[in-house]
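Report on the following structure.
Since this is a predicted model, take the numbers as computed values, not measurements.
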Amino acid sequence: MAAEEGKLNALLGSDSEFEGKLSFEGIVRIDGTFKGEIFSDGVLVVGEQAKIEAQIEIGRLINHGEIHGNVTASEAVELRAPSRLHGNLATPSLLIERGVLFEGSCVMSPEKLHR
């Protein structure tokens with residue numbers, strides 16, 4: 001079962017704006033604007049219209065939108081077209097589709113990263 005098909009615990013819709021710290025369990029999808037910090041061992045799905053400016057420490061990231069900030073993922077990062085990521089990555093598993101813009105550096109380790 002793909003994370004995008006699983007049960008969402010929360011959704012920040014395309015017209016929403018949020019600033020602060022977000023921590024959650026399970027799966028959260030952001031389609032709006034978010035500024036701050038995101039911490040979770042769960043899955044973060046970033047929609048195509050989303051604009052995120054944050055320090056992110058996550059279990060798994062699936063990005064379709066725009067992120068400005070550094071990302072540490074303990075399991076995996078998926079950059080899906082037409083996503084844009086401006087920041088550094090640390091993850092044991094990385095997928096980048098054609099059409100993605102990634103500006104930053106990446107550190108990969110074959111072992112699961114712990115936060």
Side-chain angles (χ1 to χ4, degrees):
M1 173 176 74
E4 292 173 296
E5 298 168 3
K7 181 180 176 190
L8 284 177
N9 291 23
L11 169 67
L12 275 70
S14 59
D15 292 331
S16 65
E17 292 184 23
F18 185 86
E19 188 167 340
K21 291 184 180 182
L22 175 63
S23 127
F24 62 90
E25 292 182 13
I27 303 171
V28 167
R29 181 179 175 104
I30 298 176
D31 287 318
T33 301
F34 181 94
K35 291 183 182 179
E37 300 174 352
I38 300 172
F39 302 100
S40 176
D41 290 328
V43 178
L44 175 64
V45 180
V46 179
E48 281 190 32
Q49 303 305 314
K51 294 187 186 307
I52 296 178
E53 202 174 306
Q55 174 76 25
I56 301 172
E57 293 184 22
I58 197 77
R60 183 173 170 206
L61 170 68
I62 303 169
N63 183 31
H64 298 271
E66 183 172 351
I67 297 175
H68 292 265
N70 297 328
V71 176
T72 300
S74 61
E75 295 176 19
V77 171
E78 298 178 23
L79 302 178
R80 303 286 183 170
S83 71
R84 296 165 305 286
L85 176 65
H86 306 272
N88 299 321
L89 283 174
T91 182
S93 175
L94 176 63
L95 174 114
I96 302 177
E97 287 185 345
R98 181 177 296 206
V100 167
L101 172 66
F102 171 46
E103 291 182 332
S105 64
C106 180
V107 175
M108 294 180 70
S109 169
E111 298 176 17
K112 185 175 178 179
L113 297 176
H114 298 283
R115 335 187 264 129

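With hydrogens and angles ignored, the 3.5 Å screen pairs no side-chain donor or acceptor of Arg29 with any backbone N or O of Ile27.
Interatomic distance, Leu44 CG to Ile30 CD1, rounded to the nearest 0.5 Å: 5.0 Å. Of the inter-residue distances, the one linking Glu66 atom CD with Gln49 atom CD reads 11.0 Å to the nearest 0.5 angstrom. Atom NZ of Lys21 sits about 13.0 Å away from atom CD1 of Ile38, to the nearest 0.5 Å. Here the OG atom belonging to Ser40 is positioned 7.5 Å from the CD atom belonging to Glu25, to the nearest 0.5 angstrom. Atom CD1 of Ile58 is separated from atom CG of Leu22 by 8.0 Å, given to the nearest 0.5 angstrom. Atom CG of residue Asp31 and atom OG of residue Ser16 lie 7.5 Å apart, to the nearest 0.5 angstrom.
Looking at heavy atoms from C-beta onward, Asn63 lies out of side-chain contact with Val71 at the 4.5 angstrom threshold.
Closest heavy-atom contact between Glu75 and Asp41: OE2-O, 4.4 Å. Met108 and Ser93 make their closest contact through CE-CA, 4.0 Å (heavy atoms, listed as atom of the first residue, atom of the second, distance). Residues Ser74 and Pro92 share a closest heavy-atom pair of O-CG, 3.4 Å. Heavy-atom minimum distance, Phe24 versus Val43: CE1-O, 3.4 Å.
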Evaluation steps, side-chain contact (heavy atoms from CB on, under 4.5 Å), between Leu61 and Ile67: CA-CA 11 Å; Leu61 170 68; Ile67 297 175; 4.0 Å; yes
Show me the donor-acceptor pairs within less than 3.5 Å that the side chains of residues 97-107 make with the rest of the protein, sequence neighbours left out.
unit_1: Glu97; atom_1: OE1; unit_2: Ala81; atom_2: N; d: 2.9
unit_1: Glu97; atom_1: OE2; unit_2: Arg80; atom_2: NH1; d: 2.7
unit_1: Glu103; atom_1: OE1; unit_2: His86; atom_2: ND1; d: 2.8
unit_1: Ser105; atom_1: OG; unit_2: Asn88; atom_2: OD1; d: 3.0

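Salt-bridge formation is not detected for the pair Lys35/Glu19: no Lys NZ or Arg NE/NH1/NH2 atom is positioned less than 4.0 Å from an Asp or Glu carboxylate oxygen.
When the side-chain hydrogen bond (donor to acceptor under 3.5 Å, both in side chains) test is applied to Glu37, no partner is found at least two apart in sequence or on another chain. Scanning for side-chain hydrogen bond (donor to acceptor under 3.5 Å, both in side chains) contacts around Asn70 gives an empty result, with sequence neighbours left out.
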